[in-house]
Amino acid sequence: MLTLASDFGSPYPAAMKGVICSRTDARLVDIAHDLPRQDPRAAAFWLRETIPWFPPAVHLAVVDPGVGTDRRAIATRVGNHAVVAPDNGLARPVVRRLRETAAAADSTATEPPIEAFEISIEDPASTTFHGRDVFAPAAGDIHAVGVDAMADIDSLSRIALDACVDIEFPTPTVDDGTICGEVLVVDDFGNVITNIPGDKLGDIDTVGVNDASVPVVETFDHVGRGETLVTVGSHGYVECDVNQGRGDDAFGLAAGDVVRVSLGR
Amino acid sequence: MLTLASDFGSPYPAAMKGVICSRTDARLVDIAHDLPRQDPRAAAFWLRETIPWFPPAVHLAVVDPGVGTDRRAIATRVGNHAVVAPDNGLARPVVRRLRETAAAADSTATEPPIEAFEISIEDPASTTFHGRDVFAPAAGDIHAVGVDAMADIDSLSRIALDACVDIEFPTPTVDDGTICGEVLVVDDFGNVITNIPGDKLGDIDTVGVNDASVPVVETFDHVGRGETLVTVGSHGYVECDVNQGRGDDAFGLAAGDVVRVSLGR
Amino acid sequence: MLTLASDFGSPYPAAMKGVICSRTDARLVDIAHDLPRQDPRAAAFWLRETIPWFPPAVHLAVVDPGVGTDRRAIATRVGNHAVVAPDNGLARPVVRRLRETAAAADSTATEPPIEAFEISIEDPASTTFHGRDVFAPAAGDIHAVGVDAMADIDSLSRIALDACVDIEFPTPTVDDGTICGEVLVVDDFGNVITNIPGDKLGDIDTVGVNDASVPVVETFDHVGRGETLVTVGSHGYVECDVNQGRGDDAFGLAAGDVVRVSLGR
């Protein structure tokens, strides 16, 4: 299995699929091709929240504002998963999560190592579409030989993981009953996903979100249609949402914004 | 084969695919993930118009404004098709159509029964993403054991079909040469699809649509570019369209609107 | 393998997939279903730039403003590729490219012939959705018997390729250091793709684009974020782009517009 994710929209992903299908007969599954454009940090969030649900596979991920510059192309391995991506931090949160998931699934095992490889970029057909000319060939080749044999591929050179760019999501701070967090992403429904772990809410009924008092509920339909709510979303984080509406509009919040959640209301 | 349909946009369908691929090696085919959002009635129309073209398969369909409330999750079976969905009426029109199609294909057979099962919802990982945590696991499990053995799955309990929520589309009324119908949906092209069966038009050349006189033609390009037309669309219903343009804009019609078609023009 | 491309948006492609899956067990790969709507010329560009990356396959392509009129439905063959499409020129640029690619891959071979067939359109279920009722059945049947045996299919009749509608992209003219080209398409990123071959730029550092002086660079990130640039894009043509922004907005250019590139700046 080979999954594909990018910010390419359409129809560029098709060229990547053609290149891959010319090298291996992998089953292809699209993660998304409308990842937040040119935004490796937000894209890294979505990769971390989707890819670990898959069985072992090669995962191709391209959100690459630095395409054609001297940024590296890398492939990382955790167990039988491989992630092929530009070296801009995109892959590291999902790779960490894959390692945690593997360790949790086999509690007797130590966490599997994360191996990193640089993909050589030799005279690609373009300087602006490495998805097609660098990453797709590498992903196809890794699938063809198998993730457990990827170290044998000539175009891959082992490097230290620490040499690769990392992205870490901010953690919220707490001061006198007020949690100061950040909006990580807004999803397609307009749900505002913060970095505040859901367990911080305890069993409180109402919270303050910036200047508003908002009910804390288990799911959307526990408030009226069009009304605001706070809930612990499917990612485990506090979300500021609207039942059958857009939380981003109602709360005036966008990715990167500060959000203050007061428990004392 | 396992088809997927939802109003999730992107990238949430990927998490469902991961869950499914962890349970079965089904071929995955997307129906659509931009079904009319939070609108089980319009989504039910599109499921009915697309799924019956497929060979026997497990069909996962999630448009679920009541997620996390006490609405049931259900799986229904007709012949070798299974439809997994929230119990909000979404599945019933397509299941009826699948039964009609099966009966028409084998005229010696009686219509196959429709079986219904409740899917147990035990402590899902989230209250807001049952697509990932309830419906995808059920669909994967049904595919893994086979539709003909789905009754044996522990998490499924047989229930009466009549206990499940139904959606029925309205039928038009006729009064003195005027058909009073309703817009069922507007498609991606802006074509206005009514609930008026195409054979109501007979071989008339022109009809009145609300206040306008409009030619009845066999296909779009039989009027000039940008001009309005009435035709019998691919669903068998009267449509109000524009050649290479948007019928919804030209006619001022949206889903749910009343449309009066006068044959006496 | 069977690829699908259309301007149908959603969910109409699902009906085509159902029809295909009822006739053959082909792996399905989507090229795109948001090809430029009702625009066979722009769609033909994208088919030419994506399909040749695939291994031999049946390619279904439907952008069909003339659906239901007397325009023909055709299937063309080059080597082990078949392209099924309306006879409006959509298929011919990609078929030419497939022939060139085949010849380049095997330099000892002569160019393979292009064979053309008319698909009989006998009483289809609709006059407005030949994607489902004419093209998908034909593509499924061709895949089922194999491209090398497609001439044996009863519903296909051999015709002369020259009898089929063609689309040719314009070539730029050069006058006294100024190249007068045309915008072929604008991609999803807003990159303005012209018909000017990249080698026309030579090793120049700056060009004039209409009235503006613009740096010529190897890739986006070689100018500041939000700044304009000219580069040779992944299709081999001169593009007018913006680093992490939209070239079409910055340059005021749209598909079909004339673009004057002056080398003497």
Side-chain angles (χ1 to χ4, degrees), chain A residues 1-7 9 27-36 42-43 45-57 59 61 81 101 105 185 187-191 193 198 217-223 225-226 229 231-237 239 241-246, chain B residues 1-2 4 6-30 32-40 43 62-71 73 86-88 121 123-137 140 144:
Chain A
M1 182 171 299
L2 196 154
T3 77
L4 298 99
S6 75
D7 65 347
R27 288 176 68 197
L28 303 183
V29 181
D30 287 312
I31 299 289
H33 292 291
D34 57 356
L35 290 177
F45 174 84
W46 288 115
L47 296 177
R48 191 191 70 179
E49 297 300 320
T50 51
I51 284 177
W53 296 97
F54 281 84
H59 307 284
H81 287 275
T101 306
V185 294
D187 74 12
D188 236 28
F189 288 82
N191 297 324
I193 301 165
V217 293
E218 279 204 350
T219 192
F220 303 101
D221 207 40
H222 286 173
V223 302
R225 186 172 178 163
L229 64 112
T231 193
V232 181
S234 62
H235 313 289
Y237 292 114
E239 295 186 10
D241 302 341
V242 166
N243 182 23
Q244 300 188 46
R246 295 193 64 91
Chain B
M1 183 172 299
L2 197 155
L4 300 99
S6 75
D7 65 347
F8 290 165
S10 171
Y12 291 116
M16 298 201 295
K17 292 178 188 180
V19 168
I20 291 165
C21 291
S22 296
R23 290 169 178 256
T24 182
D25 61 355
R27 286 175 69 196
L28 303 183
V29 181
D30 287 313
H33 293 290
D34 57 356
L35 290 177
R37 188 154 272 179
Q38 313 277 22
D39 185 349
V62 193
V63 175
D64 191 15
V67 61
T69 65
D70 58 3
R71 71 94 187 83
D87 181 18
N88 60 16
I121 303 179
D123 195 24
S126 74
T127 48
T128 56
F129 192 7
H130 283 188
R132 181 190 72 191
D133 300 331
V134 174
F135 297 109

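Letters A, B, ... are given to chains in the order of the sequence lines, protein chains preceding strands, and every chain is numbered from 1.
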I'd like to know which of Cys21(B), Gly66(B), Gly9(B), Pro13(B) tops the heavy-atom pair count under 4.5 Å against chain A. Cys21(B)
So, the side chain of Thr219(A) versus the backbone of Thr127(B): is there a donor-acceptor pair under 3.5 Å, distance only? yes
Max heavy-atom pairs within cutoff under 4.5 Å with chain A, candidates Asp30(B), Val67(B), Asp133(B), Leu28(B), goes to Val67(B)
Polar contact flag, side-chain donor to acceptor under 3.5 angstrom, Thr69(B)-Asp221(A): no
To the closest 0.5 Å, what do you measure between OG (Ser10(B)) and CD1 (Ile31(A))? 9.5 Å
Partner set under side-chain contact (heavy atoms from CB on, under 4.5 Å) for Ala144(B), not counting sequence neighbours: Thr24(B)
For residues Phe129(B) and Ser234(A), report the shortest heavy-atom separation together with the two atoms involved. CB-CB, 3.4 Å
Using a cut-off of under 4.5 Å for heavy-atom pairs, which of Leu35(A), Val232(A), Asp187(A), Val29(A) has the most such pairs with chain B? Asp187(A)
In terms of ring plane angle, is the pair His235(A) and Tyr12(B) parallel, tilted or perpendicular, where the classes change at 30° and 60°? parallel
Select, from Ala57(A), Pro52(A), Ala32(A), Pro55(A), the one with the greatest count of heavy-atom pairs under 4.5 Å involving chain B. Pro55(A)
Heavy-atom side-chain proximity of Lys17(B) to Trp53(A) below 4.5 angstrom: no
When the 4.5 angstrom heavy-atom criterion is applied to Phe8(B) and chain A, the contacting part is both
Once salt bridge (charged side-chain N to carboxylate O under 4.0 Å, His left out) is applied, what residue pairs with a partner in residues 20-29 of chain B remain, sequence neighbours excluded? Arg23(B)-Asp141(B)
Against chain A, label Ser126(B) side chain, backbone, both or neither, depending on which of its atoms sit under 4.5 Å from a heavy atom there. side chain
Distance col, row Gln38(B):CD vs Phe189(A):CZ, nearest 0.5 angstrom, shows 6.0 Å
